[in-house]
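Data first, discussion second: the structure below is written as structure tokens.
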Amino acid sequence: MDSENKLGDYLRARRALLRAGDVGLPDDGPRRVPGLRRDEVALLAGVSTDYYVRLEQGRERHPSDQVLRSIAGALRLDEAAAAHLFRLALPVFGANAATSLTVAPELVRLMDGMSDVPAFLVGAAQDILAANVMARELYRGLARYDNLLRMIFLDPHARSFYGDWDAASRLAVSNLRASSSQFPADEHIERVVGELTVRSPAFANLWARYEVRPRTTEVKHFVHPRVGELRLHFETLAVASAPGQHLSVYSAEPGSASHDGLTLLRRLAEQAARSDNVDQDEAWEKGDTRS
């Protein structure tokens, strides 16, 4: 878990990812610790070394907007990473509404109407709040279908299901960082981070890198146990009426092998749905209404 000095943790982690050559400074060979030195960041940001040290140690708690912009530039932070820096340094900047776990029935109808593509609703902590039959069939090879982070890091089948597990895990963690930045007081996000930090060293290592990247669009590579390889375009849309929720949709280029794979996936989903209906009907006939 993060310490109380979140700003300092972030600054240390980000400068550890940079080499002198990355920022135009002379490379003087091996260093005792990885990354830039504090005095080098201070030089690049145009502040005194003493001021930067106090900022990183948590003894300076009121940096100006100009100083933060200069440090963001020195550390080569992109827009999302710079926004995270501002949220940590300026609590008012990071204030936001509480996340929502309530699923609107209109969204469920929308997803169910997407019969040709996998679609699912994800919460701020990466919980899968609702999904259509295509999405459930896509992830059927995994033992669990509850939280994307738990699926990636705790499910033993994940490393064979994700075509590039390293990339998928890194993107998932950086996306969770983005969510935690938007909703810094969300207790559910904290519980998920705490659980995974304890149970997965791989997650703990990636979480300590402090990479921030909201997920918007990308190509996902899956190896489905029955369909085979799928390379799907991933798009995620924020749900304006429910803070923290995103509607995620996978699609494939028409005429591609992955498009044919989605057609097969739809047939498997339809078969599974019919089988589930038969099982439910049999349960009712036997008087077992628990299903």
Side-chain angles (χ1 to χ4, degrees), residues 80 103-124 126-176 178-179 213-240 242 245-279:
V103 179
E106 295 81 5
L107 282 173
V108 176
R109 288 199 298 269
L110 176 63
M111 287 186 292
D112 287 343
M114 298 178 179
S115 58
D116 293 330
V117 294
F120 54 99
L121 189 67
V122 179
Q126 301 303 290
D127 295 302
I128 298 173
L129 305 178
N132 68 2
V133 293
M134 283 284 282
R136 290 194 290 272
E137 188 61 37
L138 174 63
Y139 288 96
R140 189 176 292 273
L142 297 179
R144 60 196 307 152
Y145 189 53
D146 56 353
N147 179 286
L148 290 173
L149 273 300
R150 292 193 186 100
M151 291 157 62
I152 290 173
F153 288 98
L154 303 182
D155 194 309
H157 301 292
R159 289 181 181 267
S160 59
F161 174 71
Y162 289 94
D164 188 342
W165 185 90
D166 289 336
S169 60
R170 183 171 177 175
L171 286 171
V173 173
S174 61
N175 184 51
L176 185 64
S179 293
R213 181 183 173 187
R215 182 175 291 163
T216 52
T217 181
E218 62 193 73
V219 175
K220 304 282 287 185
H221 180 198
F222 301 110
V223 183
H224 191 275
R226 298 183 65 184
V227 176
E229 288 199 50
L230 290 168
R231 296 183 184 274
L232 304 177
H233 176 77
F234 173 80
E235 193 76 36
T236 184
L237 307 170
V239 179
Q245 291 186 12
H246 287 79
L247 177 63
S248 300
V249 182
Y250 292 121
S251 63
E253 185 73 23
S256 66
S258 292
H259 189 268
D260 294 339
L262 283 184
T263 300
L264 175 56
L265 191 73
R266 186 180 70 248
R267 293 171 182 164
L268 293 173
E270 291 169 350
Q271 292 173 5
R274 287 195 295 270
S275 177
D276 290 343
N277 289 335
V278 169
D279 291 343

Tell me, do [X] and [Y] make a side-chain contact under 4.5 Å, heavy atoms counted?
X    : Y    : answer
N175 : L148 : no
D155 : R150 : no
Q126 : V173 : no
M134 : E137 : no
H224 : L264 : no
N132 : S115 : no
E253 : H233 : no

task: Look only at the side chain of R136 and the backbone of A131, and say whether a donor-acceptor pair between them is shorter than 3.5 Å.
output: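 Checked: pair present.
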
- request: Name the orientation class of the two ring planes belonging to F120 and Y145 (parallel below 30°, tilted from 30 to 60°, perpendicular beyond 60°).
  value: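 Correct class here is perpendicular.
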
task: Describe, in one word, how the ring planes of F234 and Y250 are oriented to each other, choosing from parallel (under 30°), tilted (30 to 60°) and perpendicular (over 60°).
output: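 It falls in the tilted class, 30° to 60°.
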
task: Go through the structure and list residues passing ring-ring contact (aromatic ring centres under 6.0 Å, His included) with Y162, not counting sequence neighbours.
output: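 In terms of ring-ring contact (aromatic ring centres under 6.0 Å, His included), with neighbours along the sequence ignored, Y162 is linked to F222.
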
- prompt: Is the shortest side-chain N to carboxylate O distance from E270 to R267 below 4.0 Å?
  reply: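 Salt bridge flag = no for R267 with E270.
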
